[in-house]
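Bear in mind that the values here come from a model prediction, so they are computed numbers and not experimental data. Every number for a ligand or one of its atoms is a count from 1 in the order of the listing.
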Amino acid sequence: MTSVNLQIAGAPGATCDPDLAAGPWDFDTVPGYGPGASIADVAPPSAPRQGTLPAQYREASEEELHARIVAARATLGSRVVVLGHFYQRDEIVQHADFLGDSFQLANAAQTVPDAETIVFCGVHFMAETADVLAKDDQAVILPNLAAGCSMADMADIDSVEEAWAQLSALYGEEPDADGRVPVIPVTYMNSAADLKAFCGRHGGIVCTSSNAETVLEWAFERGQRVLFFPDQHLGRNTAKKMGVPLEQMPLWNPRKPLGGSTEDELLAAKVLLWHGFCSVHKRFTVDQITRARADHPGVRVIVHPECPAPVVDAADEAGSTDYIRKAVAAATEPTTFAIGTEINMVNRLAAEYPQHTIFCLDPVVCPCSTMYRIHPGYLAWVLEELVAGRVVNQVRVPDDVAADARVALERMLAAKPKVSA
Ligand code: 13P
Ligand code: SF4
């Protein structure tokens, strides 16, 4: 059985990794992120591993898995809600009750009070967030526990605590004349629950790519500067758009004393950018945009703000996955779109809007390694286990962590996204 369906309209269809033709279960017991964009990243030893998926699910045809998922869902009825992120493969998306970006999915997790179980087809930090926001008696299931996020894994609680200690020693604790504390921690949604809890404990907040600007405004009302983790690009792109000069945004490298900056640089800083990035969005380049403009005069280039700043600057627009989807949906005239985000979403937009020409900026098909791990085999397995009365792959955030994380997440949910396409 072919496990991926990643051909792209108008692109040669070369993939970044021949292993993508295999089933994700071939990589469950292998350390690392598996094939796709983050294959070269180093997964921390603490990254969850997935146990062996029973053979009947590995060997079933796509049609059989589809039928089994439909049957299990019919038996479970409203006891189960399936949430899906835009980057999921089509074979999963068709079973989602709600499809969205990470902000919308966090919201959705809070607003499905009748379901006993939320099956989260996305990545680990999203499932953790759903568990923090869901009711106490609701279980959240991640069909493949190895569906992490290499960017989220680039910041861990020990390194952030260490950075905080160094910054507190440098800045002190006293607010300025306007009552603003020296530094506010802001974590991107793409982070572990204990980092969200850290922000909750230290007067900070969570942001997503859709509300990052509102969140930074919130933070600057309360603090003189921001420690932004783990995605340097989202932090830089957002603060730059708000007028913060690049020289006031030093990188914080957790492996170096004072993050690799001098005391003077840190004293002048407005935003300290953690040394993290997304391997999917790092693949997009200014050259690709130049080529798209040469090959398709009038092309509209839209990229995700996890792309490096020069790419965002060269694009026509940048926005979250939901922003990109709405921009395409709102175009009334046939338009050519070159999109800089994950391939599954770009392919789906191309299929849904045949009146437009839609292609991925990167001609090489290279999906998010971890979103790729949610295959219908795992979805069929977790649903049939539920039918049999067993909850497998539950993602549970410890109560003390969840309480502090909820504080930062509630602040995030109150900070509504500013721009829509
Ligand atoms: P969105 O918040 O735009 O859904 O993005 C999530 C993500 O992981 C992008 O890489
Ligand atoms: Fe993480 Fe990048 Fe995948 Fe998003 S696309 S889940 S940031 S690795």
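Summarising the geometry of F198 relative to P185, their closest heavy-atom pair is CE2-CB, 3.9 Å, with the distance given to 0.1 Å.
Contacts between E342 and ligand 2 below 4.0 angstrom, taking non-hydrogen atoms only, are absent altogether. Contacts between Y87 and ligand 1, counted as non-hydrogen atom pairs separated by less than 4.0 Å, involve the side chain only. Only the side chain of H281 comes within contact range of ligand 1, with a heavy atom under 4.0 Å; no backbone atom does.
Scanning the protein heavy atoms around atom 6 (C) of ligand 1, the nearest turns out to be H85 NE2, 3.7 Å. Protein heavy atom in closest approach to atom 2 (O) of ligand 1: S102 OG, 2.6 Å. In this structure, atom 8 (O) of ligand 1 lies nearest to the protein heavy atom N190 ND2, 3.1 Å. The protein heavy-atom contact nearest to atom 7 (C) of ligand 1 is E306 OE2, 3.6 Å. Nearest to atom 3 (Fe) of ligand 2 among the protein's heavy atoms is C368 SG, 2.4 Å. For atom 5 (O) of ligand 1, the nearest protein heavy atom (residue, atom name, distance) is H304 NE2, 3.4 Å.
Summarising the contacts of atom 6 (S) of ligand 2 with C149, S209, P367, the nearest heavy atom is found in C149. For atom 4 (Fe) of ligand 2, the nearest non-hydrogen atom from the set T341, V280, N190 comes from N190.
Atom numbering of ligand 2 starts at 1 in the shown order; those under 4.0 Å from a heavy atom of Y87 are 5 (S). Remark: ligand 2 atoms within the under-4.0 Å shell around heavy atoms of C278 are 2 (Fe), 5 (S), 7 (S). Each of the following atoms of ligand 1 lies closer than 4.0 Å to a heavy atom of S320: 3 (O). Using a 4.0 Å cut-off to heavy atoms of E306, the atoms of ligand 2 that qualify are 2 (Fe), 7 (S).
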### Query
Between Q394 and D131, is a side chain to side chain donor-acceptor pair (under 3.5 Å) present by the stated rule, with each step listed?
CA-CA 9 Å; Q394 184 171 2; D131 183 53; 5.2 Å; no
### Query
Is there a side chain to side chain donor-acceptor pair (under 3.5 Å) between Y33 and D153 once you walk through the steps?
CA-CA 11 Å; Y33 295 104; D153 290 338; 2.7 Å; yes
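Between T321 and ligand 1, at least one pair of N/O atoms sits closer than 3.5 Å.
Shown are T341, T370, D101; of these, the side-chain hydrogen bond (donor to acceptor under 3.5 Å, both in side chains) with Y87 is made only by T341. I339 pairs with exactly one of V303, I358, V301, L361 by the side-chain contact (heavy atoms from CB on, under 4.5 Å) rule, that one being I358.
Distance check for H281 against atom 2 (Fe) of ligand 2: none of its N/O/S atoms falls below 2.8 Å.
A donor-acceptor contact closer than 3.5 angstrom links the side chains of S159 and D156. When only modelled atom types and interatomic distance are considered, D41 and S279 share a side-chain donor-acceptor pair under 3.5 Å. Defined by atom type and a distance below 3.5 Å, a donor-acceptor pair is missing between the side-chain atoms of S102 and T208.
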